[in-house]
Structures are given as C-alpha cells and as structure tokens.
Student: 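If you scroll down you'll find the structure; I have some questions about it.
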Amino acid sequence: MPDVVKRLLGNRSAAIGLAIVLLYLVMAVLGAFELTPYPPNQQHPRPADRLQPPGATYLMGSDQFGRDIFSRVLRGTIYSLRVALISVAIATLLGTAIGMISGYVGGTMDTLIMRIMDVFFAFPAILLALAVVSALGPGPNNAIPAIAVVYTPIFARVARAPVLSVKAMEFITAARCIGMRHWRILFRHVLPNAVAPVLVTISLALSWALLTEAGLSFLGLGPQPPEPSWGLMLKDGRNLMESAPWLAIFPGLAIMLGVLGFNLLGDGLRDVFDPRLRR
Amino acid sequence: MARFLLHRLVAFLPTLVGISILVFFVIRQIPGDAITAKLGAEAAGELTPAQEAAYRAYFGLDKPLTQQYAEWVGKLLQGDFGYSEIRREPVLTAIFKTFPLTLELTVLALLIALVLGLPIGIVSATRPNSVLDLFSRSISLLGLSLPNFWAGTLIILVLSTVFHSMPNAGRFITLAEDPLRNLGQMFFPAFTLGFAFSASIMRTTRAVMLEALSQDYVRTARSKGLRERTVILVHTLRNGLIPIITLTGVEMGYLLGGAVLVEDVFALPGIGRLTYTAILQRDYALVQGAVLFIAFNFVLVNLLVDFLYSVVDPRVSRA
C-alpha cells in the first residue's frame with residue numbers, strides 16, 4: 001500500500017470522513033436505482049400512512065402524502081452529490097489551470113487574471129448562484145454552473161501559490177535549459193507541487209458545495225417537486241414541524257452528515273500532507 | 001497612513017468596475033426584461049409594436065447596451081442608483097430600508113462568534129489534546145457542518161414547542177421602535193450565524209496559537225518570569241491576530257451582503273432577501289444597485305482590515 005494511503009487511513013479524521021463519503025456514495029447508488037423501501041414519490045392516501053412518526057414501517061416517518069421519508073432521503077442523495085461532484089470537478093479543472101498558468105506566466109498577465117478572479121471572489125457567492133440559477137430557471141442541475149463559477153477563483157488561488165514558489169527553483173531552469181517545452185514543465189514539474197493543496201481544497205469545496213446546493217434547493221431553485229431534494233424537503237417540512245418534527249429533522253441531518261464527512265476528510269488530508277503537522 | 005489607505009482604495013477600483021460590468025451583463029442574461037417584469041409576461045406579449053417601442057424608450061432599453069451601461073455608471077457617480085419600477089421607490093431608499101437590519105445582524109453575529117470562538121480557541125491551544133480541546137474541536141466541526149437554515153429551523157422548533165415562544169412570528173420591530181423586542185427577534189438569527197462562524201474562529205485561533213506558542217520569543221517571555229496569562233494574551237495572541245482579523249473581515253464582507261437563508265427562515269427583511277426578491281422579479285435597477293452596494297461594502301471592509309493590520313503589526317504599513 002502506498003505510504004500516503006497508509007497515513008490517510010491511520011488518521012482518525014480522514015478515516016471517519018472517508019467512511020461517511022463512501023456511505024453517501026452507496027446511498028446515492030441506492031437512490032439512483034430506486035432500491036429504496038418504498039418508491040420515493042409514491043403517495044399512500046390511507047390516513048394510517050400519513051404523517052407517521054419514525055418506526056418499523058417508516059424508518060424516518062412519513063409525510064402528509066404518506067410518502068416514506070427514508071426513501072426520499074436516499075433518493076435526494078443523488079441530486080446533492082451530483083451537483084457537488086460535477087461543480088467542484090469543473091471548478092478544480094478550470095481554477096487549477098487558470099491559477100497555474102497565471103502564476104507560471106507571471107507579469108501583467110498574471111496581475112490581470114488574478115484581478116478578474118478577485119472580482120468573482122468579491123461578488124457575493126450565493127447571489128451569483130441565485131442570478132445564474134434564475135437565468136437558467138430552476139432545475140436539478142442548474143446549480144452546477146453557479147457553484148462552479150463561485151469556487152473557480154478559490155482553486156485558482158490555491159494552485160497559484162505553489163507555482164510561484166517552485167517557478168524560481170533551479171530544477172525548472174535546468175528543465176528549460178535542456179529544451180523542455182513550457183506545457184511539459186507545467187505538467188511534469190510544477191503540477192505535482194500543487195496536488196496536495198488542491199486535494200485538500202477539493203474535499204473542503206465539496207462540503208461547501210453540498211451546503212450551497214441544499215441552500216439553493218431550500219429556496220426552491222433546485223429539483224422540482226415531486227422529486228425529493230434535501231433542501232426542499234426541509235422547507236416543506238417546516239410548515240408541519242410542530243406536529244411532525246421528523247419532516248424537518250432527517251433531511252437536515254442528511255445534509256449535515258454529508259458536509260461533516262467531506263470536512264473530516266479535508267482535515268485529514270491536510271494533516272497527512274502538511275509536513276509541519278506530521279509527527 | 002492616509003497615503004497607504006488611499007493607495008489601497010485605488011487598488012480596489014478595478015475590482016469595483018469589474019463587478020459593475022459583471023452585474024450589469026449577468027442580469028441581462030435572465031430571460032424577460034423590465035417590461036415583462038412590470039406588466040407580466042402575458043400582458044407584455046399583447047403589446048402593439050408601437051406600445052412596446054414606447055415602453056422600450058421609457059426604460060431606455062432601445063439604446064445599445066454599452067450606452068445603457070455608461071449612463072448607469074454616470075448616474076451612479078452622481079449618487080443616483082436608479083428607480084425601482086416594481087417597488088415604486090428609488091433604489092437607494094429600498095436599500096437603506098433593509099440595510100440597518102443587515103448591519104445589526106452582522107455586528108451581533110460577529111460579536112457572538114468572537115466571544116465564543118476566541119477564548120475556546122486559546123484554551124484549546126494551551127492544552128492540546130486535552131478533553132476540553134477534543135470537545136471544542138468536535139463542536140467546531142459541528143458548527144462548520146451545520147447548514148444555517150437547518151439550525152435556524154431547529155431553533156424555531158425548540159422555541160415554539162418547548163418554550164411556546166415565537167419572537168419572529170409577527171412584524172419585524174426595528175431597533176429604534178423597541179430595542180428589547182428588536183433584540184428578542186435578532187438574537188436567534190444572530191446566534192445561528194454567529195455559532196457557525198465561531199467554529200472557524202475557534203479553529204484558526206487554535207492553529208495560530210499553537211504555532212506561536214512554539215516560538216522562541218515565547219520561551220524568552222516565560223524565562224524572564226512573565227505570568228503565563230501575560231505570555232498568552234499579550235505576546236502570543238497579538239502575533240496570531242492577523243489571520244483572525246483576515247477571517248473576520250471576509251466573513252463581515254459576506255454577512256453585510258445579506259444572509260438570504262437565515263433571513264428567510266426567521267422572516268427578517270434584510271438586504272439578502274431584498275436582492276433575492278429583486279432577482280426573481282427581474283428588477284434590474286434594484287439588483288444592480290444592491291449588488292454594487294454590497295460589493296462596495298466588501299471593499300470598505302477590506303480597507304478596514306488593511307488598516308487593522310497596520311495597527312496590530314506596525315511592520316505592515318511600511319511595506
């Protein structure tokens with residue numbers, strides 16, 4: 001087993017975080033193929049099935065239409081994870097490329113690019129997301145470009161810093177002297193130095209992306225009813241909260257645990273990669 | 001000092017210009033325009049060409065985009081943020097109706113976060129891996145992972161079912177009207193935001209204090225017989241303050257932009273919900289004005305942060 005993997009599994013935060021993330025991936029698969037106790041959108045009109053508290057029949061209770069909350073929470077996983085994973089993947093590729101090239105090229109170009117990144121950074125994130133989503137209309141995937149745009153500058157900053165410190169080193173000059181092309185230097189010699197900080201940022205960005213997605217769908221801008229999304233289930237559950245608190249508790253718990261998982265994983269990765277903290 | 005701040009202000013100008021361009025063009029990508037927003041899509045579809053042309057001329061939509069932008073900026077520089085056709089009031093009036101609430105919420109939330117986060121972070125760093133340290137680190141992880149709209153919802157649930165109290169059920173009471181009832185309405189939203197942010201403060205404080213405590217000057221301070229409290233609060237904390245100030249500044253910038261979700265949960269009329277509603281209603285003038293106002297606040301907060309840097313660390317202003 002490679003050394004990094006061994007250290008990662010030996011780190012308590014990372015191990016717990018990884019376990020939660022894997023659990024969520026399993027939940028997403030179960031939800032995607034509707035391998036749930038009940039069909040997530042099936043209504044049970046009998047009064048005996050409506051607003052039932054958590055128990056043997058309905059693990060997390062049922063809502064006012066007699067739908068099983070547990071099945072809906074499972075189904076909701078796929079929407080949240082898909083938005084988080086794709087948006088962060090785009091932000092990672094775009095941001096890392098921008099940051100690395102900008103830092104490597106340097107000079108006026110670098111200043112200009114980072115200034116543009118500052119504009120996006122200073123722009124209120126949730127409002128930018130709101131504007132993008134309202135341009136595209138509500139839908140299960142429309143949070144993706146919004147979140148990607150918001151997190152791209154963060155990756156640009158994270159990837160640029162190690163490039164600046166590596167650029168002036170002699171092995172880069174040596175590579176240039178033997179006639180290596182710029183893009184090859186970037187990939188072979190500069191990129192490996194940016195991998196660790198970018199990996200940590202990916203994990204943390206996934207936790208923020210989950211929160212943002214839940215927030216947007218809480219505002220009604222995510223997946224549309226009757227499809228379940230955690231944010232929307234929470235919002236709908238608020239009206240009946242006093243008599244049926246489970247409607248608001250379980251979707252929120254699903255969001256929180258997912259965010260916690262990525263946070264723990266990010267913390268663990270940072271401990272493992274940061275030599276100053278290594279014991 | 002004045003030159004330093006002036007220099008920083010000039011450096012922020014391109015950012016402000018960039019944001020103004022971004023907001024101007026982004027909002028025009030949203031389907032529909034000021035006419036459909038004012039009349040409704042159906043009525044706007046039934047306009048005769050002449051009526052439509054008259055409306056376009058009235059809203060200035062018949063001019064090229066660049067000219068519309070130039071005219072908007074020209075008026076902005078004279079302090080005219082435009083007029084909200086939907087709310088039937090000047091944009092600045094709408095902003096200043098909601099901004100006091102946002103400012104109050106921001107100040108309260110930051111206070112709560114600092115009061116909770118700083119001491120716990122310091123104690124955590126002085127006794128690493130103790131029970132207290134593990135406890136506070138767990139709490140801070142929880143604070144980072146808790147969606148604030150869920151935390152707010154749970155607070156309302158507990159307040160109403162256990163304490164039979166619903167402070168935010170009625171109309172919002174301003175600070176000037178009745179300070180006590182206002183604080184009753186503001187405390188829980190501020191706590192929701194403040195608790196989440198105290199987690200970041202706690203973690204940063206712990207990290208910078210841990211690093212600072214291993215420095216040579218700390219050993220010197222201890223060996224010349226200073227009390228431990230002086231060593232920590234005067235010598236170590238001051239050196240750890242800069243990252244904490246940076247973090248608080250960024251958070252303050254975001255909070256001044258409005259907390260849409262928490263405002264929504266607690267039914268507070270802040271600048272976040274104002275902007276959110278304006279985006280949904282295609283209220284161009286209001287969205288543009290509000291976002292630029294928020295961005296300007298962000299820049300002001302950054303200036304304040306730069307100023308505090310030089311107060312805490314005199315080496316900064318000479319650079």
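All values below come from the heavy atoms of this structure, side chains included, with hydrogens, waters and symmetry mates left out.
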Student: Using the ring centroid of each side chain, check whether Phe293(B) and Phe81(B) are separated by less than 6.0 Å.
Tutor: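 No, too far apart.
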Student: Give the intermediate values and the outcome of salt bridge (charged side-chain N to carboxylate O under 4.0 Å, His left out) for residues Arg203(B) and Asp267(A).
Tutor: CA-CA 11 Å; Arg203(B) 285 160 67 101; Asp267(A) 277 4; 2.7 Å; yes
Student: Got a sec, which residues hit ring pair (Phe, Tyr, Trp, His ring centres under 6.0 Å) with Tyr151(A), two or more places apart in sequence or on another chain?
Tutor: Trp208(A)
Student: Considering only heavy atoms, which portion of Ile249(A) lies under 4.5 Å from any heavy atom of chain B: side chain, backbone, both, or neither?
Tutor: both
Student: Between Leu221(A), Leu253(A), Ile116(A), which shows the greatest number of heavy-atom pairs under 4.5 Å with chain B?
Tutor: Leu253(A)
Student: Using heavy-atom distances under 4.5 Å, tell me whether Leu211(A) contacts chain B through its side chain, its backbone, both, or neither.
Tutor: both
Student: More than 12 non-hydrogen atoms from neighbouring residues, nucleotides or ligands closer than 6.0 Å to CZ on Phe296(B), yes or no?
Tutor: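 Open.
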Student: Most heavy-atom pairs under 4.5 angstrom with chain A, which of Asn148(B), Asn302(B), Val265(B)?
Tutor: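 Top option by heavy-atom pairs under 4.5 Å: Val265(B).
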Student: Any residues in residues 150-160 of chain B near chain A, with a heavy-atom distance under 4.5 Å, and which are they?
Tutor: Trp150(B), Thr153(B), Leu154(B), Ile156(B), Leu157(B), Ser160(B)
Student: Does Glu263(B) use its side chain to pair, donor to acceptor, with the backbone of Ala259(B) at less than 3.5 Å?
Tutor: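 Answer holds: yes.
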Student: How about Glu213(A) and Ser80(A): does a side-chain donor come under 3.5 Å of a side-chain acceptor?
Tutor: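 On atom types as modelled, these side chains qualify, holding a pair under 3.5 Å.
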Student: Go through the atoms of Leu210(A) and report whether side chain, backbone, both or neither lie under 4.5 Å from a heavy atom of chain B.
Tutor: neither
Student: Between the side chain of Gln52(A) and the main-chain N/O of Ser62(A), is any donor-acceptor distance below 3.5 Å?
Tutor: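 Here the side-chain-to-backbone pair does not exist.
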Student: Does Asp271(A) pair with Arg7(A) as a salt bridge, N-O distance under 4.0 Å?
Tutor: no
